[in-house]
Amino acid sequence: MRRHENLFGFLALAALWGASYPAIRAAKAGVDPLLMAALRFDAIGVVVLAYALARGQSVVPGRADVRAVLVGGVGIVAVHNGLLFVGQARVTGAIGSVVLATVPIWSVGFAAAFLDTARPTPSRVAGVCLGLVGTVVLAVPGPMAVDAPDPVGVGLLFTSAAAFALAAVGLRRESPDLGVAARQGWMMLVGGPLLHVASLLAGEPQSVSVTPRVAIAFGYLVFAAGAVGYLLYFGLLDRLGPVEINLVSYVAPVFATLVGWYWLGEVVSTNTVVGFLVICVGFVLVKREALRAAIAG
């Protein structure tokens, strides 16, 4: 029974997070990207901390938690999501989700550079290179392409993925005392105000134009992909471990593509499919030992 529950939870998380990419694109009609990200994490941070309290977890950060909260709040919530929301507003949901699928690949590259436990083996180097090649395939249109993706959008998403991976590797050097939910909640409440500052500095209008589509998209980002998605992620992380949960990045593009096609009329190009396949091969190369161990287990 637990195996079926894990499978259902995994697919549900992939669907929730995959659909968030076209939701970001839909919500941009009523609110600018950085303000959208700031408001989202203001709300999710409160919900996640409330969840930690309801579970009887401590939510008071100690000295050992401060650096982890700052690394995650600045690197993952503010920088990663700021670039993600701005970049996603310029490309389709399918392309955005595929570029972000490179996060586990770049994590291995940064771990090899900054952590003593990660060896730059030939297969890992080849995998990282394939991840880069897959992103280039997405950004550079083929000779028969009619509607090429915005290279600036792809570049912002690529940098967003790299920022997430670098911050995630930085977090592995920390030894916080708080539980995962409380720690993530504080990260969001640190990153949210920074995104508000970035929104002001970027000259974004500090207003929201509410239409039915914008309300649905933003509500989905906060409550479904945000609160429900993160809480589901925490539970699966405990049961499946980091290797298997990373595979969500490779299922999410399927849901991003379907929702973008059905809701926004987005078209999937051949470049998107080819880039995704190249990135998948890169992931298998960099994670083959962990994948083999997970399958054996």
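None of the values given here were measured: they were computed from a predicted structure.
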Engineer: Under 4.5 Å between any side-chain heavy atoms of V77 and V190, yes or no?
Structural biologist: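 Not touching, per the 4.5 Å side-chain cut-off.
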Engineer: Can you get from V251 to V103 by hopping between Ile, Leu, Val, Met, Phe, Trp and Tyr side chains that sit under 4.5 Å apart?
Structural biologist: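 Linked, V251 and V103 end up in one cluster.
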Engineer: Below 4.5 Å, heavy atoms only, C-beta onward: do I76 and L171 meet side chain to side chain?
Structural biologist: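 Yes. Closest side-chain heavy atoms under 4.5 Å.
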Engineer: Nearest 0.5 angstrom please: L83 CG to S160 OG, how far?
Structural biologist: 5.5 Å
Engineer: Are the side chain of K28 and the backbone of A89 linked by a donor-acceptor contact shorter than 3.5 Å?
Structural biologist: yes
Engineer: About how many Å separate CG of D65 and CZ of R183, when rounded to the nearest 0.5 Å?
Structural biologist: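 Reported to 0.5 Å precision, the distance equals 7.5 Å.
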Engineer: Distance from R67 atom CZ to S175 atom OG, nearest 0.5 Å?
Structural biologist: 9.5 Å
Engineer: Would you name the heavy atoms of L189 and V46 that are closest together and state the gap between them?
Structural biologist: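 Closest approach of L189 to V46, heavy atoms only: CD2-N, 4.1 Å.
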Engineer: Restricting to ring-ring contact (aromatic ring centres under 6.0 Å, His included), what partner residues turn up for Y230, sequence neighbours left out?
Structural biologist: W17
Engineer: Rounded to the nearest 0.5 Å, what's the gap from CD on E204 to CG on L34? Could you check?
Structural biologist: 4.0 Å
Engineer: How close do L157 and Q88 get, counting heavy atoms only, and between which atoms?
Structural biologist: CD2-N, 3.9 Å
Engineer: Applying side chain to side chain donor-acceptor pair (under 3.5 Å), can you list everything that pairs with R55, at least two apart in sequence or on another chain?
Structural biologist: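 In terms of side chain to side chain donor-acceptor pair (under 3.5 Å), with neighbours along the sequence ignored, R55 is linked to Y51.
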Engineer: What I'd like to find out is whether the side chain of I24 reaches to under 4.5 Å of the side chain of L221, using heavy atoms alone.
Structural biologist: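 In short, these two side chains touch, coming nearer than 4.5 Å.
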Engineer: Does V214 reach the side chain of V210, with side-chain heavy atoms less than 4.5 Å apart?
Structural biologist: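 Counting from C-beta outward, V214 and V210 never come under 4.5 Å.
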Engineer: So, using side chain to side chain donor-acceptor pair (under 3.5 Å) as the criterion, who are the partners of Q57 when residues are at least two apart?
Structural biologist: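 Listed in chain order: nothing, the list is empty.
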Engineer: Are L232 and V248 connected in a single hydrophobic cluster, I mean Ile/Leu/Val/Met/Phe/Trp/Tyr linked by side-chain heavy atoms less than 4.5 Å apart?
Structural biologist: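 Yes, because V248 and L232 connect within a single hydrophobic cluster, where side-chain heavy atoms sit under 4.5 Å apart.
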Engineer: Just wondering, do Y21 and L100 contact through their side chains at under 4.5 Å, heavy atoms?
Structural biologist: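 Touching, per the 4.5 Å side-chain cut-off.
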Engineer: Quick check: closest heavy atoms across S97 and P253, and the distance to 0.1 Å?
Structural biologist: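 Between these two residues, the closest heavy atoms are OG-CA, 3.2 Å.
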Engineer: To check you understand the geometry: which heavy-atom pair defines the closest contact between S199 and Q206, and what is its length?
Structural biologist: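 It is OG-NE2, 2.9 Å.
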Engineer: If I take atom CG from residue L13 and atom CZ from residue F255, how far apart are they, to the nearest 0.5 angstrom?
Structural biologist: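 Between atom CG of L13 and atom CZ of F255 there are 10.0 Å.
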Engineer: Applying ring-ring contact (aromatic ring centres under 6.0 Å, His included), can you list everything that pairs with F85, at least two apart in sequence or on another chain?
Structural biologist: none
Engineer: Using modelled atom types and a 3.5 Å cut-off, is there a donor and acceptor pairing between side-chain atoms of R25 and backbone atoms of V91?
Structural biologist: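 Side chain of R25 to backbone of V91: a pair is present.
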Engineer: Give a yes or no on whether the backbone of V60 and the side-chain of W186 come within a donor-acceptor separation of less than 3.5 Å.
Structural biologist: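 Between the backbone of V60 and the side chain of W186 there is no qualifying donor-acceptor contact (under 3.5 Å).
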Engineer: Hey, any chance F41 and L200 share a hydrophobic cluster, counting ILVMFWY side chains that come within less than 4.5 Å of each other, even indirectly?
Structural biologist: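 Each belongs to a different hydrophobic cluster.
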Engineer: Please test W106 against F158 for side chain to side chain contact (heavy atoms under 4.5 Å, CB included), starting from the C-alpha separation and ending with a verdict.
Structural biologist: CA-CA 10 Å; W106 308 139; F158 175 83; 3.5 Å; yes
Engineer: Consider only side-chain heavy atoms of I, L, V, M, F, W and Y, link residues closer than 4.5 Å, and tell whether V47 and L49 are in one cluster.
Structural biologist: no
Engineer: Any side-chain heavy atom of V208 within less than 4.5 Å of one from L39?
Structural biologist: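 Heavy-atom side-chain distance check passes, below 4.5 Å.
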Engineer: Which other residues belong to the hydrophobic cluster containing W261, where Ile, Leu, Val, Met, Phe, Trp and Tyr are joined when side-chain heavy atoms lie under 4.5 Å apart, directly or via other members?
Structural biologist: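 Y262, which link up through side-chain heavy atoms under 4.5 Å apart, make up the rest of the cluster.
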Engineer: How close do G282 and I105 get, counting heavy atoms only, and between which atoms?
Structural biologist: C-CD1, 3.9 Å
Engineer: How long is the straight-line distance from CG of L236 back to CG of N6, given to the nearest 0.5 Å?
Structural biologist: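 With rounding to 0.5 Å, CG (N6) is 6.5 Å from CG (L236).
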Engineer: Quick one, P205 and D32 - any side-chain contact, counting heavy atoms below 4.5 Å?
Structural biologist: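 SC-SC contact between P205 and D32 confirmed.
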Engineer: Going by side chain to side chain donor-acceptor pair (under 3.5 Å), name the residues that satisfy it together with R40, two or more places apart in sequence or in a different chain.
Structural biologist: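 R40 satisfies side chain to side chain donor-acceptor pair (under 3.5 Å) with no other residue.
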Engineer: Please report the closest heavy-atom contact between G192 and D42, naming both atoms and the distance.
Structural biologist: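 Shortest heavy-atom contact: CA-OD1, 3.8 Å.
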Engineer: In terms of hydrophobic clusters joined by side-chain contacts under 4.5 Å, are V228 and V180 together?
Structural biologist: yes
Engineer: Just wondering, do R213 and L264 contact through their side chains at under 4.5 Å, heavy atoms?
Structural biologist: yes
